[in-house]
Structure formats: structure tokens, C-alpha cells
Undergrad: 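First the structure, which I've put down as C-alpha cells, then a few questions once you've had a look.
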Amino acid sequence: MNETHDPGLLSWVESANDGETDFPIQNLPFGVFARSGRPPAVGVAIGDMILDVTECGRAGFLANSPALKSCAGSSLNPLMELDGKFLSEFRSELSTLLRADTVEGERASARSDRILVQSNDVSLQLPAKIGDYTDFYASVNHATNVGRMFRPDSPLLPNYKHVPIGYHGRASSIVASGAAVRRPWGQVKSGAADEPTFVPSGMLDYEAELGFYVRKGNPLGNPVTIDDAAGCIFGFCLVNDWSARDIQAWEYQPLGPFLAKNFATTVSPWIVTSEAAEPYRVPALRRPDSDPQPLDYLRSAADQERGGLSAVLEVYLSSERMRSEGMSPAQLSRASFEGMYWTVSQMLAHHASNGCNLRAGDLLASGTVSGETADSLGCLLELTRRGAAPLSLASGEERKFLLDGDEVIMRGFLEAPGRPRIGF
């Protein structure tokens, strides 16, 4: 940690000093935005504004560094590929530029009309060119809840507590927040039917997850050690791994998820960097003594001490009727990432343990984040017990799964005592 994490820092961007903002000066997440008539550009979220990094360079407010040069395009991949030293120096420079008590900040504030853009006036883009996407199954609560629906006496498969389970998703169908998602068609077979039918999914679901982008890749054939894994992560985002549960139930054996998952995955557009997240590190989940300990390649004293993340994920639902009647979205769940069975470093190290070559811009996701209580379940499959216990909304509607016109809203933030809350 360094001076950029100082809880007392204030910005000359007044909205960044509001205790309710996701983007105080201690956050400084990176993203890509587009204004009408202009190509997409790299920006940094600060309060309800966006700092245009390219314009800051043109105005002479940022040094002509490798980091600034890497922000000249329309994706964060070149920035992700840089040595960590340059990333840290760039964050420090941006912090100094946005601080209320620096000469650099005073100069920048005088030209705010040139370097700042209102968030509401732009379109937020996918922040990176995502070459590959992998989704894990790292919440033991989620795995247990889902397993119990199909295997009441033995919900967890024998390998679950030995190996981080994951599947390769589809990078081409990843979209940024706000994109409409079409209900997928697929093969579905009910228990009583003799043959499957090809129909629109009737069990469309969301999954609230935490995602993380690869910064430093590894050559093909060269594993990443558990102690080096954290240094390979550029930053974090929210992920909604949309799921068609009826299609999934028919197709997932013997090779796992396929068309039930690859029709769409939504990510939040801002990436909270690993450096910004550092003050919110916590110990990894302490496993019961009766559980197997991770194998040596997944075990590290440093990861056990600070491999967890104090993140909270919330899910809200807004139906067409609720919006037409001016009703607020209904909160469905609130879950803590601290309860994950596998850490992000364990997920990444396992992914590369066979020599699989990860590349800058690759996206990995945690799988559904669920807690132990009924109000902390991160998908409708769990919340409604596969539709057997429908949710009641304040509008008088019920939901087993998503209906056309529903909007799913996910919010997430990092929190720690004595620290400002920083959000996604």
C-alpha cells in the first residue's frame, strides 16, 4: 500500500468526496467510454465524472510514460501488459492529479472542462478485448445448495474440496452493463416427456459473480505458482453469468455447461485494480479441520493470510410493472465474497498449473457468490429452490425465474474498517 490508499485523501472533483459514491479518489478504476462522434477512449472513474486520460496527456497533465502511451487505443489490453511498476507509478500520478491539496490538482481543476466528462453523457464499453473467459464454481455454499437439489444425501461431488472447478465460457458473447439480453432457445426435456423439444428457455436465471482480469500472462507450458498468481491479476469487476437452467439440465452431462451459458455474459465496465483493492484483502476462508487441505501447488502462507477479499455483492430486480408504477427495484440478495472456498490466486494458479497460457485481458470469474443465509443466495435457482418456492415482489408479482422485461441490477463494493467504501 502507499499514499494513494490514504483514507483522508479528498479530490477537487466534489462528487468523489460523497460517502455514497462508488468512485472516491482511493478507487480510480479504469474503463473505456465513448462520446457521440468520437472513438472510444480510456478513462478513470472519479465520483460521477470520468477523467479522459488521453486529454490529460494532450494537456500536459500526465507524463509521457509507458502507461500513458498504452492508453492511446480503445481497450485496456496494452495497459494490462505493462510491468507492475509502471501501473503503480501511473496510479500515483493520477491520484496526485485529482487530489484537492496538490499543485497538479489545482492546475487540472482549472481545465476540468477539457479533461472531465459526465458519466451520464457517455456510453461505457467493454474495457478489454477478452481473448478467453473461464468461469469457476468457488462458493461452497452455492455448490452445496445446487447439489442438494439433485443429490440430497451427497450434494458435493468428491473432487469439490480438492480442486477449483471451472469451465471455459464464450468470450465472444460477453457484453458490457446495460446491454439487452435475448432469451435463448434450446433443447429442453421435461421429466415426463419422451423426447426433447426446441423452445425458448422458461428458466432464465442470473448468477452474481466477481470477475478478475489477467494482467501478466504466462508462456505456453509454463505454470504460474500460487505465490506469483496475485501479481498476474490486473483488477476486478462484476460478472453476471446468465444461465438457462432448463437447457442446462438437459445438456450438461457428460461434458458440462454449453449453450445454456454461452448466449450472454455481462460484465461491469469499470475495473477496480488490484492495487486499489489491496487495503481490502482479508485472510482466506478457514476450512474445517475435517476438510482436505489444498495440495502444495495451491497452498501458500501468504495467500492464506491475505488471499481473501472483503467484497459484498448485491442483486436487485425490477419488473416492467414495477418501473411503470414508479417502484424501486427489489433487493433479492446480499452476499460476502469472504466466504469463498477458493481464493482468486488459487483459481488462477490452478488454471495455469498444466501449462495453459493465460494472456493479458483474459477474464476469469468466481462462479455464483452465495452465503449461508436465505438472503445471501446469488441466483434464482437457489432463491426459489428451482422454482418450487417463488419470490413475492412488492408489485404483487411472483418470480420463479426471469420474465421478459425484467431488469437485473448488480452492485458490488469493497469495505474495511477505517477505509472508504469503493465500488464496482
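Note that the numbering runs from 1 along the sequence shown for the chain. All values reported here derive from a predicted model rather than from experimental measurement.
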Undergrad: Assign the ring pair Tyr167 / Tyr133 to parallel, tilted or perpendicular, where the plane angle (0 to 90°) is split at 30° and 60°.
TA: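 Answer is perpendicular, since the angle exceeds 60°.
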Undergrad: Does atom CD (Glu305) have a neighbourhood of more than 12 heavy atoms from anything else shown, all under 6.0 Å?
TA: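 No.
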Undergrad: Atom CZ of residue position Arg281 - does it have more than 12 heavy atoms of other residues, nucleotides or ligands inside 6.0 Å?
TA: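 Counting other residues, nucleotides and ligands, CZ of Arg281 exceeds 12 neighbours.
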Undergrad: Any side-chain donor paired with an acceptor under 3.5 Å for Ser376 and Thr373?
TA: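 Judged by distance alone, the side chains do pair up.
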Undergrad: Calculate, to the nearest 0.5 Å, the distance between atoms CG and CG belonging to Asp18 and Asp48 respectively.
TA: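 So the gap between those two atoms works out to 9.0 Å.
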Undergrad: Got a second to check how far Cys237's SG is from Leu363's CG, nearest 0.5 Å?
TA: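 Going from SG on Cys237 over to CG on Leu363, the span is 5.5 Å.
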Undergrad: Output yes when Arg421 and Glu415 qualify as a salt bridge under the 4.0 Å nitrogen-oxygen rule, no when they do not.
TA: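 Looking at Glu415 together with Arg421, the answer is no, because their closest N to O distance does not fall below 4.0 Å.
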Undergrad: Just how far is it from atom CD1 of Ile271 to atom CG of Leu76, taken to the nearest 0.5 Å?
TA: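 So the gap between those two atoms works out to 5.0 Å.
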Undergrad: Salt bridge (charged side-chain N to carboxylate O under 4.0 Å, His left out) with Lys261: which of Glu251, Glu209, Glu207?
TA: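 Of the listed options, the one satisfying the test is Glu207.
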Undergrad: I'd like to know if the side chain of Arg323 and the backbone of Gly405 have a donor-acceptor N/O pair within less than 3.5 Å.
TA: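 Such a contact is found between Arg323 side chain and Gly405 backbone.
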Undergrad: Determine the minimum heavy-atom distance between Tyr206 and Cys379, stating which atoms define it.
TA: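 That closest heavy-atom pairing would be O-CB, 3.1 Å.
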Undergrad: Is the shortest side-chain N to carboxylate O distance from Asp132 to Arg359 below 4.0 Å?
TA: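 Yes.
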Undergrad: Determine whether the side chains of Thr225 and Asp227 contain a donor N or O and an acceptor N or O closer than 3.5 Å.
TA: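 No, because no side-chain N or O of Thr225 sits under 3.5 Å from a partner of the opposite role on Asp227.
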Undergrad: Step through it carefully: locate the ring centre of Phe198, locate the ring centre of Trp185, and say whether they are under 6.0 Å apart.
TA: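 Yes; Trp185 has its ring centre under 6.0 Å from that of Phe198.
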Undergrad: If we ignore hydrogens and angles and just use 3.5 Å, is the side chain of Arg182 paired with the main-chain N or O of Phe263 as donor and acceptor?
TA: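 Pair absent, no side-chain N/O of Arg182 close to backbone of Phe263.
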Undergrad: Using a distance-only test with no angle check, is there a side-chain donor-acceptor pair under 3.5 angstrom linking Glu314 and Tyr316?
TA: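 Short answer, yes.
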Undergrad: Hey, what's the ring geometry for Tyr160 with Tyr341, parallel, tilted or perpendicular (30° and 60° as the breaks)?
TA: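 Aromatic pair Tyr160/Tyr341 classed tilted.
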Undergrad: Grab the two heavy atoms, one from Ile247 and one from Pro184, that are nearest each other, plus how far apart they are.
TA: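 Looking at all heavy atoms of both residues, the closest pair is CD1-O, 4.3 Å.
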Undergrad: Among residues two or more places apart or on two chains, list those pairs meeting side-chain hydrogen bond (donor to acceptor under 3.5 Å, both in side chains) that have a residue in residues 388-398.
TA: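 Every pair satisfying side-chain hydrogen bond (donor to acceptor under 3.5 Å, both in side chains) with a residue in residues 388-398: Ser319-Glu397, Ser395-Glu397, Glu397-Arg399.
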Undergrad: Does a side-chain N-to-carboxylate-O contact under 4.0 Å join Glu81 and Arg215?
TA: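 Looking at Arg215 together with Glu81, the answer is no, because their closest N to O distance does not fall below 4.0 Å.
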Undergrad: Can you confirm whether Tyr297 is buried at OH, in the sense that more than 12 heavy atoms of other residues, nucleotides or ligands lie under 6.0 Å from that atom?
TA: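 More than 12 heavy atoms, drawn from other residues, nucleotides or ligands, come within 6.0 Å of this atom.
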Undergrad: When rounded to the nearest 0.5 angstrom, what distance separates OG in Ser274 from CG in Leu87?
TA: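 It is 9.5 Å, given to the nearest 0.5 Å.
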Undergrad: Could you tell me whether a side-chain N or O of Ser154 sits under 3.5 Å from a main-chain N or O of Arg151, the two making a donor and an acceptor?
TA: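 Not at all, since once roles are kept as given, no pair shorter than 3.5 Å links the two residues.
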Undergrad: How far does NE2 of His162 sit from CD1 of Ile165, to the nearest 0.5 angstrom?
TA: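 So the NE2 of His162 and the CD1 of Ile165 are separated by 10.5 Å.
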Undergrad: Name all pairs fulfilling the side-chain hydrogen bond (donor to acceptor under 3.5 Å, both in side chains) condition that reach into residues 380-391, sequence neighbours left out, sorted by first residue then second.
TA: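 side-chain hydrogen bond (donor to acceptor under 3.5 Å, both in side chains) check on residues 380-391 returns His142-Glu382, Asn145-Glu382, Ser370-Glu382.
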Undergrad: Which atom pair, heavy atoms only, marks the closest approach of Ser112 to Trp12?
TA: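 Shortest heavy-atom separation between Ser112 and Trp12 comes out as CB-CZ3, 3.7 Å.
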Undergrad: Show your reasoning for whether side chain to side chain contact (heavy atoms under 4.5 Å, CB included) applies to Asp121 and Arg35.
TA: CA-CA 7 Å; Asp121 294 339; Arg35 284 178 279 192; over 6 Å; no
Undergrad: CG of Asn17 to CG of Leu10: how many Å apart, nearest 0.5 Å?
TA: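 Answer rounded to 0.5 Å: 4.5 Å.
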Undergrad: Determine the minimum heavy-atom distance between Ser268 and Ser177, stating which atoms define it.
TA: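 Closest heavy-atom pair between Ser268 and Ser177: CA-OG, 3.4 Å.
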Undergrad: Under a 4.0 Å N-O cut-off, is there an ion pair linking Asp22 with Arg411?
TA: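 Here Asp22 does not pair with Arg411 in a salt bridge, since their nearest N and O are not under 4.0 Å apart.
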Undergrad: Ring-plane angle category for His168 and His351, please: parallel below 30°, perpendicular beyond 60°, tilted otherwise.
TA: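 Ring orientation, 0 to 90° scale: perpendicular.
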Undergrad: For the residue pair Arg287 and Trp342, would you count it as a cation-pi contact if the rule is NZ or CZ under 6.0 angstrom from the ring centre and within 45 degrees of the ring axis?
TA: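 Positive - Arg287 is close enough to the ring of Trp342 and near enough to its axis.
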Undergrad: Taking atom types as modelled and ignoring hydrogens, do the side chains of Asn2 and Thr4 form a donor-acceptor contact shorter than 3.5 angstrom?
TA: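 Yes.
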Undergrad: Work out which heavy atom in Val32 is nearest to a heavy atom in Pro40; give both atom names and the distance.
TA: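 Val32 and Pro40 have their closest heavy atoms at CG1-CB, 3.7 Å.
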